[in-house]
Amino acid sequence: MSIMAKLTQTWRPDMDALRDAIIDNVCGLISSRAPIWANGTQSQALDQTIANIGLRNVTRSQSKSNSDVIVADIADLIARFEPRLIQVEIDVDEDSYQHNQLKFRLSAVMHSEQGDEAIVLDSFLDFSRNTLDVRKSNLV
């Protein structure tokens with residue numbers, strides 16, 4: 001969805017527009033950085049709020065053994081802040097670790113007023129360049 005569609009409120013309420021909005025939200029969730037809280041100082045009241053939105057410090061998780069931490073964080077963010085996606089599964093490309101990158105496929109069911117639809121997002125997180133690319137896959 002373009003910024004102009006948001007500003008002029010010409011957003012179409014169809015499945016393509018909803019898919020674009022979900023992709024924008026997932027990109028925002030993954031691109032955000034969570035605040036660094038000291039252990040035990042975080043309030044339980046803030047646990048499920050936007051005060052904790054974003055990935056934790058990913059620089060500690062850039063190895064093959066710690067990529068599960070990033071995948072778990074992404075799954076947790078989607079579960080908390082993107083309720084239109086259910087049955088979320090994240091499959092990681094094992095070869096992407098060698099180049100300081102994380103390629104993964106996010107598969108889920110997109111829930112909307114028009115009905116449920118499967119959605120597959122091919123994603124690419126490059127730690128060297130600090131870039132994220134999330135695209136709709138043609139494989140559903």
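Remember, predicted model here, so these are calculated numbers, not experimental data.
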Verdict with supporting geometry, Gln101 and Leu125, side-chain contact (heavy atoms from CB on, under 4.5 Å): CA-CA 6 Å; Gln101 301 167 344; Leu125 187 57; over 6 Å; no
Residues in side chain to side chain donor-acceptor pair (under 3.5 Å) with Asp133, at least two apart? Arg135
Step by step, would you call Ile74 with Phe104 a side-chain contact (heavy atoms from CB on, under 4.5 Å)? CA-CA 11 Å; Ile74 291 171; Phe104 59 96; 3.8 Å; yes
Atom CD of Gln87 and atom CD1 of Ile119: how far apart are they, to the nearest 0.5 Å? 13.5 Å
Is it the case that one hydrophobic cluster holds both Leu77 and Ile23, taking links as side-chain heavy atoms less than 4.5 Å apart, direct or via other members? yes
Value for CG (Asp73) from CD1 (Ile90), rounded to nearest 0.5 Å, stands at 10.0 Å
I want to check something: taking the side chain as every heavy atom from C-beta on, are His111 and Leu85 in contact at a cut-off of under 4.5 Å? no
Please determine whether residues Leu121 and Phe124 belong to a single hydrophobic cluster, defined as Ile, Leu, Val, Met, Phe, Trp and Tyr linked transitively by side-chain heavy-atom distances below 4.5 Å. no
Rounded to the nearest 0.5 Å, how far apart are CD of Gln114 and CG of Leu18? 6.5 Å
Side chains of Glu117 and Arg19: closer than 4.5 Å at any heavy-atom pair? yes
Taken to the nearest 0.5 Å, the spacing of Asp126 CG from Leu132 CG works out to 10.0 Å
What pair of heavy atoms forms the shortest contact from Ala108 to Val88, and how long is it? CB-CG2, 3.9 Å
Using side-chain heavy atoms (C-beta onward) and a distance below 4.5 Å, is Lys136 in contact with Val120? no
Under 4.5 Å between any side-chain heavy atoms of Leu102 and Asp93, yes or no? no
Could you tell me the separation between the CG atom of Asp24 and the OG atom of Ser31, rounded to the nearest 0.5 Å? 10.5 Å
Heavy-atom check, side chain of Val92 versus side chain of Lys103, under 4.5 Å: no
Between CZ of Arg80 and CG of Leu29, what distance do you get to the nearest 0.5 Å? 9.0 Å
Note: Arg105-Asp91 ion pair, threshold 4.0 Å (strictly below): no
